[in-house]
Amino acid sequence: MPRTVLLVILWAAVAAVLVALPHALSFSQQEILVFMTINLLVVASYRLLTLTGEWSLGHVVIVGVGAYASALYTKELGIPVPVSMLLGACTSALIAMGLSYPLFRMKGFYFLIGSFAAGEIIRLLWKRFREPFGGPKGIKGIDPMPDFSIGIWDFDFFEPVSYYYFAGAVVALCLWLLWRIERSPVGLTFHAVHWQDKLAQSAGVNVRAYRTLAFVVASGFAGLAGALGAHYIGTINPNGFDVETMVFVLTWTIVGGTATFYGPLMGCIALTVLNEIVLREMGFEQMRPLIYGAVLILSILFLPKGLESLVQKLVKPRRVEP
Amino acid sequence: MFDLLAQTGLNALYAASYISLVAVGLVLIFGVMGVVNFAHGELFMAGAYVVVALYAGGGAPFLLAVAAGLGFVGLLGLLMEFALFRPLRDNPLGGLVASIGFLMILQATAVMGFGVRMEHIPPVTQEVIAFSEKVRLPMSRLYVIVAAVVLLGALWYFLKRTRFGWALRASAQDAEAAALQGISIGQTARIAMFIGAGLAGVAGALTAPLVSVNPHMGHSVIVTAFIVIIVGGVGSLEGAVVASVAYAFVHTLVTTFWDGVIADIVGLSLMLVVLIVKPTGLFGTADRA
């Protein structure tokens, strides 16, 4: 059989499994599935940012910018939810654009600390200003997605399954876009900026412009993830986007590995499953930070290239793709 | 107005004393190990909990509890050196990531051991030095200031006047060259980790009766320490002390006249400005990161 037909069958099978998946789960597991789907977009966008070699500690706050912006657009301006989600994503990208001017004067550790400071300032502004951000309590009663029907399925967005289908479709589209971006000439230039920035520069590549581009695009997708989350949960507050959440994203990414597109996604799925099945079902919920810390340390010590390196070992005999 | 300024100055002096203990430890570890220790705030927290366990819980004398805090957290530092930083010496981001993992373990341990609620610690002394009607300095705060001055003085003497101190500064400057001169890099790393962590621990232990002790107290401490070491210049001990004093005054003033959150925003903005305008900080020399 030709390769393309095989691929089509494979992807159709994957899609079928993903559509059927929530019906095999309990209600609370369905909710976790929704969060995991949204988190997949967060880690995938984080990977785009790390492609150019800079590690940000402000990514979760950028997610929060999308969430706050989208929530406020619906609440204050009455913009319909799907439109405001896209506007939230654009707001995240714009804020990232503004932040990039000071932040990309820094590199390495300084960028890390600078991004942390910038993110923390934004988060404290939410906390400080009751108007319009709601202060420490945040924003409550965010409009949900309006229900609609497509004939074979009635979308009722208080049902996790419906939201899973909606968010899953959006996230799948975004992942495909991120994948295309990475494989495009622009994406290859991101790699060059990371591994050979002097050479890239002497070949006429505007390194800083490409770093900024990666940061802005990644932030746009992150903002969309934030908006998807905000309209599902219905309430957001500054503490939801603090450093601890950032550490979770960092852990997913590092445990999965950042050399491949699927690495961070694997990390997110593996740790979510571990967290929910092992910790919650067995009653170790309080030990969650402990387990995450231990997993982070063990993986950086013994599996520094992440879970993806295990997969690469398994499929090594195959032809190496460029 | 003068009273208010004098009182703010005293408050700032107290804040500066424990901030500089934390920041100097962080700089020392960074200088010798080349690792940014994100768990430094949690080492501070661990020191405070030693006082909770021994002084508030066990009835031991306060000074003994503080000394135990220094020793215990110093040992935690040695553990980090042995288990995390040494195996990850060749991985530039590895030590930082591992310290984040260690931070979460320490925090979760505190939650499981003591619960998330605030700890009540009986005050060491109720005495207050009253300079005037409105300008007062509680004795317990004076103790912290005196202890910080003594400890930093001792550290200064150790670094500038003893052979170990010379070895330590040499390997902070150029580890390879120091090793060629017969200095044991492993040993200086252990000394630096013990002192650096111990300083954070002793700061936490000293201030435990004066602040709200809870498992998440490390967060604001590490943020403050980062601001101070960036403003002072990463790798500069003198810079860390000067920046601690300057930051404490700015933060206390803004807190007095506006509020704490605004003060945090001002502090972080200062750090961003320094990062943009002069990334080596006020006292920093070479780019080491």
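Chain naming here is simple, since letters A, B, ... match the order of the sequence lines and numbering starts at 1 in each. Owing to the predicted nature of the structure, the values given are computational and were not obtained by experimental measurement.
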Peer 1: Between Leu125(A) and Val261(B), is a side-chain contact (heavy atoms from CB on, under 4.5 Å) present by the stated rule, with each step listed?
Peer 2: CA-CA 8 Å; Leu125(A) 288 174; Val261(B) 180; over 6 Å; no
Peer 1: Identify which part of Val295(A) has an atom lying under 4.5 Å from any heavy atom of chain B, answering side chain, backbone, both or neither.
Peer 2: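 Neither; nothing under 4.5 Å.
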Peer 1: Sort Val97(B) into side chain, backbone, both or neither according to what part of it lies under 4.5 angstrom from a heavy atom of chain A.
Peer 2: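 Contact with chain A: backbone and side chain both.
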Peer 1: I'd like to verify something: which residue of Ser269(B), Gly101(B), Ala108(B) has the highest number of heavy-atom pairs under 4.5 Å with chain A?
Peer 2: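 The option with the most such pairs is Gly101(B).
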Peer 1: Go through the atoms of Phe102(B) and report whether side chain, backbone, both or neither lie under 4.5 Å from a heavy atom of chain A.
Peer 2: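 Phe102(B) touches chain A through backbone and side-chain heavy atoms alike.
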Peer 1: Just verifying a value: how many Å separate Tyr292(A) OH and Ile105(B) CD1, rounded to the nearest 0.5 Å?
Peer 2: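 Here the rounded value is 14.0 Å.
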Peer 1: Can you tell which part of Ser99(B) gets under 4.5 Å to a heavy atom of chain A, answering side chain, backbone, both or neither?
Peer 2: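 For Ser99(B), neither part sits under 4.5 Å from chain A.
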Peer 1: Taking all heavy atoms of Pro87(B) and all of Leu301(A), pick out the closest pair and write down the distance.
Peer 2: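 Of all heavy-atom pairs spanning Pro87(B) and Leu301(A), the closest is CB-CD2, 3.8 Å.
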Peer 1: Within this structure, what is the OH-CD1 distance for the pair Tyr101(A) and Ile276(B), rounded to the nearest 0.5 Å?
Peer 2: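 The OH atom of Tyr101(A) sits 13.5 Å away from the CD1 atom of Ile276(B).
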Peer 1: Once you round to the nearest 0.5 Å, how far does CD1 of Ile100(B) lie from CD of Glu244(A)?
Peer 2: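 Ile100(B) atom CD1 to Glu244(A) atom CD measures 12.0 Å (nearest 0.5 Å).
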Peer 1: By a 4.5 Å heavy-atom criterion (distance strictly below it), what part of Ile230(B) contacts chain A: side chain, backbone, both, or neither?
Peer 2: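 The side chain, not the backbone.
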Peer 1: Which of the residues Ile262(B), Asp264(B), Val223(B) is involved in the greatest number of heavy-atom pairs with chain A at under 4.5 angstrom?
Peer 2: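 Highest number of heavy-atom pairs under 4.5 Å: Ile262(B).
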Peer 1: With the side chain counted from C-beta on, respond yes when Leu112(A) and Leu96(B) share a heavy-atom pair under 4.5 Å apart, and no when they do not.
Peer 2: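 Result yes, sub-4.5 Å side-chain heavy-atom pair found.
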Peer 1: Would you give the length of the straight line joining atom CG of Leu268(B) to atom CG of Leu124(A), rounded to the nearest 0.5 angstrom?
Peer 2: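 Leu268(B) CG to Leu124(A) CG: 6.5 Å, rounded to 0.5 Å.
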Peer 1: Decide side-chain contact (heavy atoms from CB on, under 4.5 Å) for Glu120(A) and Ile265(B); before the verdict, give the C-alpha distance in whole Å, the side-chain angles of both, and the deciding distance to 0.1 Å.
Peer 2: CA-CA 8 Å; Glu120(A) 197 68 6; Ile265(B) 294 176; over 6 Å; no
Peer 1: Look at atom CZ of Arg105(A) and say whether more than 12 heavy atoms of other residues, nucleotides or ligands are closer to it than 6.0 Å.
Peer 2: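 Count not over threshold, so no.
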Peer 1: Heavy-atom distances under 4.5 Å only: say whether Ile122(A) touches chain B with side chain, backbone, both or neither.
Peer 2: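 Neither; nothing under 4.5 Å.
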Peer 1: About how many Å separate CG of Leu296(A) and CE of Met104(B), when rounded to the nearest 0.5 Å?
Peer 2: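 With rounding to 0.5 Å, CE (Met104(B)) is 7.5 Å from CG (Leu296(A)).
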Peer 1: If you measure from the Lys or Arg side-chain nitrogens to the Asp or Glu carboxylate oxygens, is any gap between Asp259(B) and Arg128(A) under 4.0 Å?
Peer 2: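 Here Asp259(B) pairs with Arg128(A) in a salt bridge, since their nearest N and O are under 4.0 Å apart.
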Peer 1: Between Ile113(A), Leu103(A), Val247(A), Leu250(A), which residue shows the highest count of heavy-atom pairs closer than 4.5 Å to chain B?
Peer 2: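 When all of Ile113(A), Leu103(A), Val247(A), Leu250(A) are compared, Ile113(A) has the most.
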Peer 1: Examine whether an atom of Phe111(A) lies under 4.5 Å from a heavy atom of chain B, and if so say whether it belongs to the side chain, the backbone or both; otherwise answer neither.
Peer 2: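 For Phe111(A), there is no contact with chain B at all, as no heavy atom is under 4.5 Å.
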Peer 1: Distance check, rounded to the nearest 0.5 Å: Leu272(B) atom CG versus Met106(A) atom CE?
Peer 2: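 Spacing of CG (Leu272(B)) from CE (Met106(A)) equals 5.5 Å.
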Peer 1: Has Phe72(B) got more than 12 heavy atoms of other residues, nucleotides or ligands less than 6.0 Å from its CZ?
Peer 2: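 Incorrect, the count does not exceed 12.
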